Amino acid sequence: MAIVQPSVFLKLQSGKLTGDQVLKSQKKLKDLEGVFQDEQIRAALPQESLIYEVQAFMPIAEGKSGGLFFGNSTIYPGKIGAEYHMTRGHFHSNLDTGEYYWGVKGEGILIMMDEDRNVWAEEMSEGSVHYIPGKVAHRVANVGEELLVFNACWPSDAGHDYATIAEKGFAARLVEVDGEPKLVDS
Ligand code: PAN
Ligand code: ZN
């Protein structure tokens, strides 16, 4: 019986995944139309600017139940007007599925919203652990001057519903007020 090497490694310092099966995607400013409050500013900034990247290890087909996916997200620092760089955010299509996020480096804020549009947020930093319950939309903003890196683990049948957030947004936005992040009604 052979003892083999794992096919994927997690670099603990950087949170990055390595291995042939790791998928990568990038979101540039041009991919984030309508995500930020000030669409005019977003449209006027250099469209090739990288805002965030995601790596994912998806060892079974997406949509199949019973499996788990593992990911890494890196959000570059910066703001669009007063609003921090952030992920699009989503509900899971299979609404009841939860997710874990954990902070690897940098300073972030995880913004969550339930189906009644109640919004709350948690500070993210190295080693912080965040349980995102089912039926809760989630997005992360980088509120620091450095890269924000976090890892995630979610069920293989979760799926991503981006349309609901694209249509209705979150009920609150994270903006800088007097140099501090503030969650304000949108
Ligand atoms: C994460 C997110 C990742 C990027 O892996 O997909 O941080 O955010 P958006 O998907 O909202 O662009 C996750 O929550 N997976 O379920
Ligand atoms: Zn998710």
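When reading the values below, keep in mind they use all heavy atoms of this one structure, side chains included, and skip hydrogens, waters and symmetry mates. Owing to the predicted nature of the structure, the values given are computational and were not obtained by experimental measurement. Whatever order the structure lists ligands and atoms in, that order sets their numbers, starting from 1.
- For CD of Glu39, the number of neighbouring non-hydrogen atoms (other residues, nucleotides, ligands) closer than 6.0 Å is greater than 12.
- Counting heavy atoms closer than 4.0 Å to ligand 1, residue His160 contributes side-chain atoms (C-beta onward) but none from N, CA, C or O.
- In this model, no donor atom of one side chain and acceptor atom of the other lie less than 3.5 Å apart for Thr97 and Asn94.
- Among all non-hydrogen protein atoms, the one lying nearest atom 7 (O) of ligand 1 is Ser73 OG, 2.8 Å.
- Under a 4.0 Å criterion applied to the non-hydrogen atoms of Phe150, ligand 1 contributes the atoms 7 (O).
- Around CZ of Phe9, the count of heavy atoms belonging to other residues, nucleotides or ligands within 6.0 Å exceeds 12.
- Ionic pairing of Arg173 and Glu83 is present here: one or more N-O contacts between side-chain nitrogen and carboxylate oxygen are shorter than 4.0 angstrom.
- With Phe91, Trp154, Tyr52 as candidates, the residue nearest to atom 12 (O) of ligand 1 on a non-hydrogen basis is Tyr52.
- With a heavy-atom cut-off of 4.0 Å, Tyr162 touches ligand 1 through its side chain alone.
- Salt bridge present: Glu176 and Lys79 bring a charged side-chain N and a carboxylate O closer than 4.0 Å.
- Using a 4.0 Å cut-off between a side-chain N of Lys or Arg and a carboxylate O of Asp or Glu, Glu48 and Lys30 qualify as a salt bridge.
- The environment of Lys16 atom NZ is dense: over 12 non-hydrogen atoms of other residues, nucleotides or ligands sit within 6.0 angstrom.
- Of the protein's non-hydrogen atoms, Thr87 CB, 3.4 Å is the one closest to atom 8 (O) of ligand 1.
- With hydrogens left out, the protein atom closest to atom 6 (O) of ligand 1 is His90 CE1, 3.6 Å, a heavy atom.
- Distance alone, capped at 3.5 Å, places no donor-acceptor pair between the Tyr162 side chain and the Phe91 backbone.
- To the nearest 10 degrees, the Zn ion (ligand 2) sees NE2 of His138 and NE2 of His92 at an angle of 100°.
- The closest approach between Gly89 and ligand 1 falls below 4.0 Å for a heavy atom of the residue.
- The protein non-hydrogen atom at the shortest distance from atom 1 (C) of ligand 1 is Tyr101 OH, 3.5 Å.
- Taking 4.0 Å as the cut-off between side-chain N and carboxylate O, Lys64 and Asp157 do not count as a salt-bridged pair.
- Using a 4.0 Å heavy-atom cutoff, His138 is listed among the residues neighbouring ligand 1.
- Heavy atoms of Lys27 come nearer than 4.0 angstrom to ligand 1 in no pair at all.
- The proximity of His92 to ligand 1, defined as any non-hydrogen pair under 4.0 Å, is limited to the side chain.
- Around CD of Gln47, the count of heavy atoms belonging to other residues, nucleotides or ligands within 6.0 Å exceeds 12.
- The Zn ion (ligand 2) has an N, O or S atom of His90 inside 2.8 Å of it.
- Considering just the N/O/S atoms of Glu99, the one nearest the Zn ion (ligand 2) carries the name OE1.
- Under a 4.0 Å criterion applied to the non-hydrogen atoms of Glu99, ligand 1 contributes the atoms 1 (C), 13 (C), 14 (O), 15 (N), 16 (O).
- A donor atom on one side chain and an acceptor atom on the other are found under 3.5 Å apart for Glu53 and Tyr76.
- For ligand 1, the atoms closer than 4.0 angstrom to any heavy atom of Val54 are 3 (C), 4 (C).
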